[in-house]
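For reference, the structure is listed below as structure tokens.
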Amino acid sequence: MDAETAVRNIRMRLIDQLVGYEVGSDQLIRVGLDALMAGVDSPSLSLLAGLSRREEPEARGLFGRVVEELGLGPPDLPEEPAARQWTLVRWFAELIADGELNPAVGGQLIWWHCERVREDQVQTLRPLLATIALHDDDISSWAIWDTDYMARNRKSGAAVVQRARDFLAQAGPT
């Protein structure tokens, strides 16, 4: 595994935590070990990767430090639910726009988290949400005789990336 993939795996475990999935300490230690073996450098990474079974309760805190040291997390997350969801939606859009998050996965995350944001913010998101829905339709409608499937999928994925960039430009700074 290369360092880029290892960092992406750390970010995906962070996203899993942020969206409410249960991520076991063993998984956090494993992504830390994979990253260390891939040459990722962080002061807390070797501590996370070296935890024994008895030390597993320390994994969450060390994982948080690794995420902070590598700069992988979203900006400060507010406690208020609507503001928190808006921050996550913007962060997912940034990850899509930067190529750090697959348009299909990022699109689903945006779709799921936009339900709790304010109505005026949803209005800002509508063009991006429409493009995400079209991309989801493209990747889910597949037939063996559909020779244009891959090209259409790439094109609709690129449209999601562009809409994410447009959304970020329109939404302004956080």
Side-chain angles (χ1 to χ4, degrees), residues 1-24 27-28 30-31 34-35 63-64 66-68 70-174:
M1 173 180 312
D2 64 359
E4 185 177 320
T5 302
V7 169
R8 187 173 295 120
N9 289 341
I10 292 172
R11 182 178 284 124
M12 291 309 295
R13 292 304 70 76
L14 171 64
I15 289 172
D16 288 346
Q17 284 182 332
L18 292 173
V19 300
Y21 293 137
E22 181 61 35
V23 180
Q27 293 175 332
L28 301 178
R30 181 63 198 202
V31 296
D34 289 345
F63 181 78
V66 168
V67 165
E68 186 177 315
L70 295 174
L72 299 178
D76 294 329
L77 286 173
E79 291 297 319
E80 194 271 318
R84 180 182 178 86
Q85 297 308 315
W86 181 246
T87 300
L88 285 173
V89 164
R90 288 183 54 93
W91 185 55
F92 297 144
E94 288 171 9
L95 293 176
I96 292 170
D98 293 342
E100 296 292 326
L101 191 58
N102 175 298
V105 173
Q108 288 177 349
L109 289 167
I110 289 171
W111 194 271
W112 292 333
H113 286 82
C114 75
E115 294 178 1
R116 296 183 199 100
V117 300
R118 295 188 330 252
E119 183 59 33
D120 61 317
Q121 294 169 330
V122 172
Q123 292 301 326
T124 307
L125 274 170
R126 288 218 190 276
L128 177 57
L129 293 174
T131 307
I132 289 168
L134 289 173
H135 181 55
D136 190 52
D137 285 348
D138 279 345
I139 62 175
S140 62
S141 61
W142 180 83
I144 197 162
W145 55 84
D146 186 357
T147 57
D148 294 333
Y149 172 76
M150 293 303 289
R152 197 174 57 249
N153 188 352
R154 281 191 296 274
K155 184 177 179 182
S156 64
V160 171
V161 171
Q162 185 56 52
R163 283 286 189 194
R165 290 178 181 147
D166 295 345
F167 160 70
L168 292 167
Q170 180 185 10
T174 53

Which atoms form the tightest heavy-atom contact between [X] and [Y], and what is the distance?
X	Y	result
Ala97	Leu168	CB-CD1, 4.0 Å
Gly73	Val67	N-CG1, 3.6 Å
Ile96	Ile110	CD1-CD1, 3.8 Å
Cys114	Val122	O-CG2, 3.7 Å
Val23	Leu28	CG1-CD2, 3.5 Å
Leu14	Phe63	N-CZ, 3.8 Å

ask   = Glu80: what forms a salt bridge (Lys or Arg N to Asp or Glu O under 4.0 Å) with it, not counting sequence neighbours?
value = none
request  = With sequence neighbours left out, write down each residue that passes salt bridge (Lys or Arg N to Asp or Glu O under 4.0 Å) with Arg165, or none if nothing qualifies.
outcome  = none
note = d(Leu125 CG, Gln170 CD) to nearest 0.5 Å is 9.0 Å
inquiry  = Counting C-beta onward and ignoring hydrogens, is there a side-chain heavy-atom pair between Asp16 and Gln27 closer than 4.5 Å?
reply    = no
Is it true that atom [atom1] of [X] has more than 12 heavy atoms of other residues, nucleotides or ligands lying nearer than 6.0 Å?
X	atom1	answer
Gln108	CD	yes
Glu119	CD	yes
Asp2	CG	yes
Arg30	CZ	no

note = Residues passing the ring pair (Phe, Tyr, Trp, His ring centres under 6.0 Å) test with Phe92, sequence neighbours excluded, are His113
